[in-house]
Amino acid sequence: MGYNLKDESEVKEYIENLGIEYRFGCFSEKKSEVCHLLGDYLEGIKKDFEKAGKVYRSNCDDYGYARSCLKYGHYSFVGKGESGSKGDPLRAYKYYEKGCSLSDADSCLHAGLLLVSQSLPKEIKRDIPKAFENLKKSCEMNNATACFYLSGMHISGVQTQADATAKTGKFIIAKDMKRAFEYAYKACELKNMYACANLSQMYARGDGIEKNEERAEKYKKMALEMQDEVKQQASLEFQQGVNT
């Protein structure tokens, strides 16, 4: 049956039938990808975050669906879908780790960022080597943000908080401009604006790579073009919001 999506009553019928279809595919046919779609439906269409969270959690725990682990990790971190909850970063981390073990690049990214944070909740112990491995795995799966963070870690080096306070000069992740360049290059190729800007500076200064003014200008131009695209997209989204 076709639907006239300009007809409000037919749109409502279509949406309701979509929910029925997703529920059947998830609960009766036990298809993990459909369960995730059901979670997205409950979140985006029905705005029922409590039920959506339950679906994501079950789909992660029972079927090992990586994207649902990521989504439930996000829910746990901010306490979404749970009345009165201020969030549970430790539970969020566990679900990010599970998603990462199931080869979800975004899950690896968030697990890594939690472990490297300077303002960790007391429930989580800062673990730079583990964070680095998570970010590295994410970058290897072509997550641009993870590659950018790895580049930054090698630009400045990473110390423990105790070493930084004592100014001992001991680093867990050593300063290495060659490695920093390699990660920045990959992140830029994956369209990370900040990585392209850093790459331009590296070529301009000869940091980690032979100095090359032509390439410095090339990557500066790329970064500025990406910046313009972000501004245009933000303006478009704002205009759409005003008109709704």
Side-chain angles (χ1 to χ4, degrees), residues 14-117 119-121 123-124 127 130-131 133-150 187 190-192 230 233-234 237 240-241:
Y14 169 74
I15 289 172
E16 289 304 316
N17 286 338
L18 192 63
I20 293 170
E21 180 182 330
Y22 287 157
R23 287 182 177 89
F24 179 79
C26 177
F27 300 132
S28 297
E29 298 182 321
K30 303 188 184 304
K31 294 180 178 178
S32 58
E33 66 275 15
V34 180
C35 289
H36 189 78
L37 288 173
L38 175 59
D40 289 348
Y41 172 84
L42 291 167
E43 177 187 65
I45 303 297
K46 292 298 186 180
K47 307 299 181 185
D48 191 333
F49 303 117
E50 184 176 354
K51 287 183 180 178
K54 288 178 180 177
V55 170
Y56 290 135
R57 181 174 187 172
S58 175
N59 203 34
C60 173
D61 291 341
D62 299 336
Y63 301 125
Y65 195 77
R67 297 300 290 179
S68 289
C69 299
L70 173 69
K71 287 289 290 192
Y72 189 69
H74 291 339
Y75 270 48
S76 296
F77 189 80
V78 298
K80 193 172 184 177
E82 297 180 23
S83 179
S85 174
K86 295 182 179 179
D88 186 340
L90 181 58
R91 183 168 61 187
Y93 171 72
K94 289 178 179 177
Y95 277 90
Y96 290 147
E97 272 292 336
K98 185 165 185 177
C100 185
S101 72
L102 295 166
S103 299
D104 180 74
D106 289 334
S107 294
C108 294
L109 168 68
H110 286 282
L113 293 180
L114 266 181
L115 289 178
V116 79
S117 172
S119 54
L120 281 169
E123 299 90 347
I124 302 176
D127 188 334
K130 178 65 175 174
E133 288 305 312
N134 281 330
L135 292 171
K136 184 179 178 182
K137 184 175 180 179
S138 183
C139 179
E140 287 170 352
M141 291 186 282
N142 294 328
N143 184 291
T145 305
C147 298
F148 170 69
Y149 272 101
L150 287 169
L190 293 168
K191 308 301 182 185
N192 183 286
V230 170
Q233 182 62 33
E237 289 175 356
Q240 289 175 339

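Scored by the side chain to side chain contact (heavy atoms under 4.5 Å, CB included) test, Glu133 finds Lys136 as partners (sequence neighbours excluded). With sequence neighbours excluded, no residue forms a salt bridge (charged side-chain N to carboxylate O under 4.0 Å, His left out) with Glu21. Every residue meeting the ring-ring contact (aromatic ring centres under 6.0 Å, His included) condition with Tyr72, not counting sequence neighbours, appears here in chain and number order: Tyr95. Qualifying side chain to side chain contact (heavy atoms under 4.5 Å, CB included) partners for Lys31, counting only residues two or more places apart in sequence or in other chains: Glu29, Glu33, Val34. Under the side chain to side chain contact (heavy atoms under 4.5 Å, CB included) criterion, Cys147 pairs with Cys139, Lys186, Ala187, Leu190, sequence neighbours left out. Listed by chain and number, the residues in a side chain to side chain contact (heavy atoms under 4.5 Å, CB included) with Phe49 are Glu43, Lys47, Tyr75, Lys80 (sequence neighbours excluded).
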Could you give me the CA-CA distance, side-chain angles and deciding distance for Phe27 and Leu38, then say whether side chain to side chain contact (heavy atoms under 4.5 Å, CB included) is met? CA-CA 10 Å; Phe27 300 132; Leu38 175 59; 3.7 Å; yes
Carefully, step by step, assess Phe148 and Leu135 under the rule side chain to side chain contact (heavy atoms under 4.5 Å, CB included). CA-CA 10 Å; Phe148 170 69; Leu135 292 171; over 6 Å; no
Stepwise side chain to side chain contact (heavy atoms under 4.5 Å, CB included) check, Arg67 with Asp106: CA-CA 9 Å; Arg67 297 300 290 179; Asp106 289 334; 3.1 Å; yes
Starting from the C-alpha separation in whole Å, work towards a yes-or-no answer on side chain to side chain contact (heavy atoms under 4.5 Å, CB included) for Leu42 and Tyr22. CA-CA 10 Å; Leu42 291 167; Tyr22 287 157; over 6 Å; no
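We find the OG-CG distance between Ser32 and Leu37 to be 10.0 Å, quoted to the nearest 0.5 Å. Atom CG of Leu18 sits about 7.5 Å away from atom CD1 of Ile45, to the nearest 0.5 Å. The SG atom of Cys108 sits 4.5 Å away from the NZ atom of Lys137 when rounded to the nearest 0.5 Å. Taken from CG in Asn143 to OH in Tyr149, the straight-line distance is 11.0 Å, to the nearest 0.5 Å.
Under the 4.0 Å criterion applied to side-chain N and carboxylate O atoms, Glu82 and Arg91 are assigned as salt-bridge partners. Remark: Glu16 engages Lys46 in a salt bridge, criterion side-chain N to carboxylate O under 4.0 Å.
The two atoms that bring Asn134 and Glu97 nearest to each other are ND2-OE2, 2.9 Å, heavy atoms only. In plain terms, the two heavy atoms of Leu114 and Phe77 that are nearest each other are CD2-CE1, 3.6 Å. Closest of all the heavy-atom pairs between Asp104 and Ala66 is CB-CB, 3.7 Å. Taking all atoms of both residues into account, the shortest heavy-atom contact from Ile124 to Pro89 is CD1-O, 3.6 Å. Looking at every heavy atom in both residues, Cys35 comes nearest to Tyr63 through SG-CE1, 4.2 Å. Shortest non-hydrogen contact noted between Ser138 and Ala105 is OG-O, 2.7 Å.
Counting heavy atoms from C-beta on, the side chains of Leu102 and Ser107 never come closer than 4.5 Å. For the pair His74 and Leu70, the minimum side-chain heavy-atom distance is below 4.5 Å.
Note: His110 and Tyr93 fail the aromatic proximity criterion, with ring centroids not under 6.0 Å apart.
Between the Tyr65 side chain and the Tyr56 main chain, no donor and acceptor come within less than 3.5 Å of each other.
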